[in-house]
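What you see below is based on every heavy atom in this structure, not just the backbone, and it leaves out hydrogens, waters and symmetry mates. Numbers restart at 1 for each chain; the letters A, B, ... are given by sequence-line order, proteins then strands.
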Number of protein chains: 2
Amino acid sequence: MTEDRIRNMEEFAAVSGISRPTISKYFHDPTSVRASTRARIEAALERHEYVPNIYAMNQNRRLTKNIGIVVPYLADPFFTEIARNIERRCIDAGLWPTLFSAHGQQALENDILDNLRSLKPAGVLLAPLGRGSDRAEVEKFCRDVPTILFDSNIEGLGEAFVGSDNFSFVSQSVTYLARTGSPPVFFEMSTPANPNAKKRRTAYIEVMESLGLVPEIVSIKGDGWGFEEIGYQGAVQFLDQRSLSTDTVLCSNDRLAIGFLSACYDKGLRVGNGAGCALRVAAHDDHPFSRFTCPALTTVAHDYNAVSNKVVEMLFDLMESDGHFAQRTEYLFPAHLVLRDSA
Amino acid sequence: MTEDRIRNMEEFAAVSGISRPTISKYFHDPTSVRASTRARIEAALERHEYVPNIYAMNQNRRLTKNIGIVVPYLADPFFTEIARNIERRCIDAGLWPTLFSAHGQQALENDILDNLRSLKPAGVLLAPLGRGSDRAEVEKFCRDVPTILFDSNIEGLGEAFVGSDNFSFVSQSVTYLARTGSPPVFFEMSTPANPNAKKRRTAYIEVMESLGLVPEIVSIKGDGWGFEEIGYQGAVQFLDQRSLSTDTVLCSNDRLAIGFLSACYDKGLRVGNGAGCALRVAAHDDHPFSRFTCPALTTVAHDYNAVSNKVVEMLFDLMESDGHFAQRTEYLFPAHLVLRDSA
DNA sequence: GCTTTTTCTTTACGCGCGTAAACTTTTTTG
DNA sequence: CAAAAAAGTTTACGCGCGTAAAGAAAAAGC
């Protein structure tokens with residue numbers, strides 16, 4: 001590697017023997033120049049280390065290669081996992097993804113959308129806070145920036161929505177539980193941050209009734225994103241105050257169940273299927289830690305791969321459609337039951 | 001809000017009645033202009049929505065307001081938590097933090113450092129993979145970009161290091177365990193990714209010997225960042241093959257302990273202090289989920305706040321010192337014992 | 001070999017803002 | 001209130017690159 005440091009595209013054009021506009025084309029899309037030219041550029045690239053200045057590149061380009069990924073709460077391994085998948089696919093496609101977390105706060109979500117605007121992203125993948133989102137702000141953002149919603153749907157916003165089918169979750173857990181023992185009560189937060197929770201409640205009622213069973217819901221108080229703690233406290237109350245009408249509990253999501261199981265353990269209640277077990281507990285999401293609860297949690301799993309694949313596929317379509325689809329579409333993926341020891 | 005959309009600083013200068021260079025100064029630092037001028041600018045800002053183009057801003061500026069935060073594995077809630085703290089403080093200081101995760105992979109860590117270079121960050125806060133890092137690459141990066149290391153120290157790299165004092169962790173856990181029951185065996189991965197693990201092992205030996213006890217270490221195989229699974233498998237082997245010489249296990253970190261406890265549960269071994277308990281288990285880190293293990297995990301906690309405060313403080317110092325300290329300093333914060341039910 | 005098509009070169013301008021210099025206005029100071 | 005200091009205005013140039021237009025060169029087609 002020669003020692004003369006290349007300062008800009010002009011200089012690099014000089015040492016490579018190719019004109020600057022052609023170099024510019026190359027960096028925009030290497031396949032857009034003739035193979036022989038490409039070879040010469042890449043040869044020069046190995047001799048003289050040079051990287052174009054992103055700021056100068058993005059300044060005039062109508063479309064950058066930036067992709068914004070926004071999740072509501074990164075401390076939840078569920079989102080970390082899905083974000084990781086999406087990030088990787090974007091990188092592989094030559095894009096520049098940036099991950100943001102609203103940390104459960106509306107103000108932060110709004111700030112992120114503001115910042116994102118000035119990043120001039122080619123597309124944004126947004127998993128909104130849900131109930132906690134500032135609908136007007138999100139709506140304004142979606143008008144200005146090509147956005148695909150995932151995980152939490154906000155009716156009518158964004159160019160498309162990709163997520164899991166909440167009915168599929170609940171129908172599988174409920175039918176399994178009802179088939180193998182007493183029908184479940186539904187354990188949830190009374191004011192869930194996430195719209196999926198409401199859909200799961202509705203689905204629970206529907207499925208129970210279709211089985212000729214009487215739905216029974218336990219709604220616990222609690223705000224914020226500390227679901228495990230909320231589940232724990234709720235379980236303590238629930239187990240203390242209540243003569244159980246059934247021995248089967250279906251939690252709205254795994255994180256509530258983690259707290260619930262912890263409370264059961266502390267109270268000396270054995271959870272599981274076998275003899276000597278006082279309770280069965282199941283939930284939804286297949287949280288990365290659910291395999292390590294005591295006992296291991298029976299749950300219904302997202303199709304992580306299908307969802308993240310589809311999100312990215314939609315993103316690419318969107319970029320090719322100039323940032324706008326003729327029609328807003330919703331894609332819902334079915335879930336699958338994961339049997340472990342807790343139910 | 002008037003409807004004429006402002007396209008650039010020139011136009012905004014016109015409608016606000018202030019010259020463009022002054023407007024430019026204002027956006028660089030609002031306090032650098034006279035209060036009366038600031039008021040006029042901010043009044044105009046409310047009438048005409050205008051945000052300067054970051055790309056054009058950063059193009060010529062010697063120093064951007066970008067801050068890079070790099071962690072080895074974002075799916076570990078420990079890093080999510082500390083990243084959240086740091087992000088918030090940067091935002092409050094008017095900086096522009098961007099979070100990256102190497103997802104446990106060296107190639108990705110290198111990619112991130114490459115990208116970060118072209119972001120021209122004013123500073124980078126780097127928690128390296130550790131053993132998995134490409135030392136040469138990180139070293140080159142640190143020469144070009146003002147970097148502060150945290151969590152994992154790599155000797156000599158970066159302008160400073162901020163982390164927790166591993167000796168403090170281990171001395172507290174070991175002395176507590178030895179005082180209240182049998183001395184602990186040390187349960188760890190044989191080839192830990194993180195340098196902290198090695199320091200904890202050394203500290204364990206040292207503390208045990210200083211108490212006149214014989215150190216005993218169980219090293220389990222396993223690669224990658226799925227510590228819970230590794231801990232689970234390790235525990236299964238350990239519990240099967242081994243006649244326990246002691247009933248007390250000290251895990252190198254909480255995530256291993258989560259797996260360990262899960263295995264104990266599956267094997268019907270009761271963990272805790274009371275009568276009827278077969279084992280005591282403790283660990284280090286105070287992972288956000290440790291409160292919900294069965295039983296709740298006794299552990300030694302990082303001083304999250306002190307660490308993230310110090311990291312950011314160092315970052316600000318670094319920016320004021322033109323990106324370079326005369327001397328590399330290491331700051332180690334003591335940990336504190338968190339007593340729960342597992343030991 | 002000649003024409004057509006593709007690719008590259010030359011030339012030129014603009015993006016939105018940073019910033020330096022010289023000058024003017026406003027504020028502070030004694 | 002005059003002088004000094006501080007803050008603002010005008011003017012001008014540059015950053016590194018995108019990109020359009022016109023012409024030259026190379027590749028492809030027949």
Side-chain angles (χ1 to χ4, degrees), chain A residues 4-45 48-66 94 96 115 117-122, chain B residues 4-45 48-66 94 96 115 117-122:
Chain A
D4 36 292
R5 199 162 171 76
I6 308 295
R7 320 202 124 274
N8 55 37
M9 201 177 270
E10 196 85 47
E11 289 188 19
F12 180 72
V15 299
S16 66
I18 308 261
S19 72
R20 189 173 70 74
T22 304
I23 303 279
S24 173
K25 270 190 78 179
Y26 169 84
F27 279 109
H28 187 64
D29 174 10
T31 69
S32 69
V33 303
R34 202 191 297 147
S36 60
T37 315
R38 196 184 322 150
R40 289 171 63 197
I41 295 178
E42 277 160 5
L45 225 37
H48 311 258
E49 125 179 51
Y50 164 70
V51 179
N53 180 310
I54 0 167
Y55 297 107
M57 288 183 74
N58 284 337
Q59 169 165 2
N60 298 325
R61 237 203 311 245
R62 217 177 92 260
L63 226 55
T64 67
K65 300 211 162 198
N66 296 329
W96 182 299
N115 285 347
R117 217 184 281 266
S118 44
L119 265 184
K120 294 188 190 176
Chain B
D4 35 294
R5 201 164 169 74
I6 308 295
R7 320 201 124 274
N8 55 39
M9 202 177 270
E10 197 83 47
E11 290 187 19
F12 180 72
V15 299
S16 66
I18 308 262
S19 72
R20 191 173 67 75
T22 304
I23 303 279
S24 174
K25 272 190 75 178
Y26 168 83
F27 279 109
H28 186 64
D29 174 11
T31 67
S32 69
V33 303
R34 204 188 296 146
S36 60
T37 314
R38 196 183 322 150
R40 288 171 62 194
I41 295 178
E42 279 160 5
L45 225 36
H48 313 256
E49 125 179 52
Y50 163 70
V51 180
N53 179 311
I54 0 167
Y55 297 107
M57 288 183 74
N58 284 336
Q59 169 166 4
N60 300 324
R61 213 158 28 201
R62 219 178 89 259
L63 226 54
T64 67
K65 299 212 164 196
N66 295 329
W96 183 298
N115 284 348
R117 218 186 281 268
S118 45
L119 266 184
K120 295 189 191 174

According to the interplanar angle, ranging from 0 to 90°, do the rings of B/Tyr55 and A/Tyr55 count as parallel (below 30°), tilted (30 to 60°) or perpendicular (above 60°)?
-> tilted
pair A/Asn53-B/Ser118: side-chain heavy atoms closer than 4.5 Å = no
Confirm from the modelled atom types if B/Arg20 and D/dG8 form a donor-acceptor pair under 3.5 Å, side chain to base only.
-> no
d(CD1, A/Ile6; P, D/dC15) in whole Å = 16 Å
Check every strand shown and say whether A/Tyr50 touches a base, only sugar-phosphate, or nothing at a heavy-atom separation below 4.0 Å.
-> sugar-phosphate
Using a distance-only test with no angle check, is there a side-chain donor-acceptor pair under 3.5 angstrom linking A/Glu11 and A/Tyr50?
-> no
For A/Ser24 and B/Lys25, take the nucleotide of DNA chain D holding the closest heavy atom to each; which residue's nucleotide lies nearer the 5' end?
-> B/Lys25
Among D/dG16, C/dC8, C/dG18, the nucleotide that comes nearest once only the side chain of B/Met9 is considered | C/dG18
Distance in angstrom units between A/Asn8 CG and D/dG18 P, rounded | 12 Å
Taken to the nearest whole Å, CD1/A/Ile23 to P/C/dT9 is 8 Å
Only one of B/Ile54, B/Leu119, B/Thr64 clears side-chain contact (heavy atoms from CB on, under 4.5 Å) with B/Trp96; which?
-> B/Ile54
Closest to the A/Thr37 side chain: D/dG16, C/dC8, D/dG8?
-> C/dC8
Of the listed C/dC8, C/dG16, D/dT9, the closest approach to the B/Ser19 side chain comes from D/dT9
What's the closest nucleotide to the B/Thr22 side chain, out of D/dG16, D/dG8, D/dG18?
-> D/dG8
Is there a donor-acceptor pair closer than 3.5 Å between any side-chain N or O of A/Arg40 and the backbone N or O of A/Ile18?
-> no
Nearest-Å distance for atom pair OH/C1', residues B/Tyr26 and C/dG18 | 18 Å
For B/Asn58 and D/dC17, what is the distance between atoms CG and P respectively, to the nearest whole Å?
-> 15 Å
Kindly point out which of C/dT9, D/dG16, D/dA27 is positioned nearest to the side chain of A/Arg34?
-> D/dA27
May I have the distance from A/Glu10 (atom CD) to D/dG14 (atom P), rounded to whole angstrom?
-> 14 Å
Considering only side-chain heavy atoms of A/Pro21, which listed nucleotide, C/dT19, C/dT10, C/dG16, is closest?
-> C/dT10
Whole angstrom value for the distance that separates P of C/dC15 from CG of B/Asn53 = 12 Å
Rounded to whole Å, the CZ-C1' distance (A/Arg38 to C/dC8) equals 15 Å
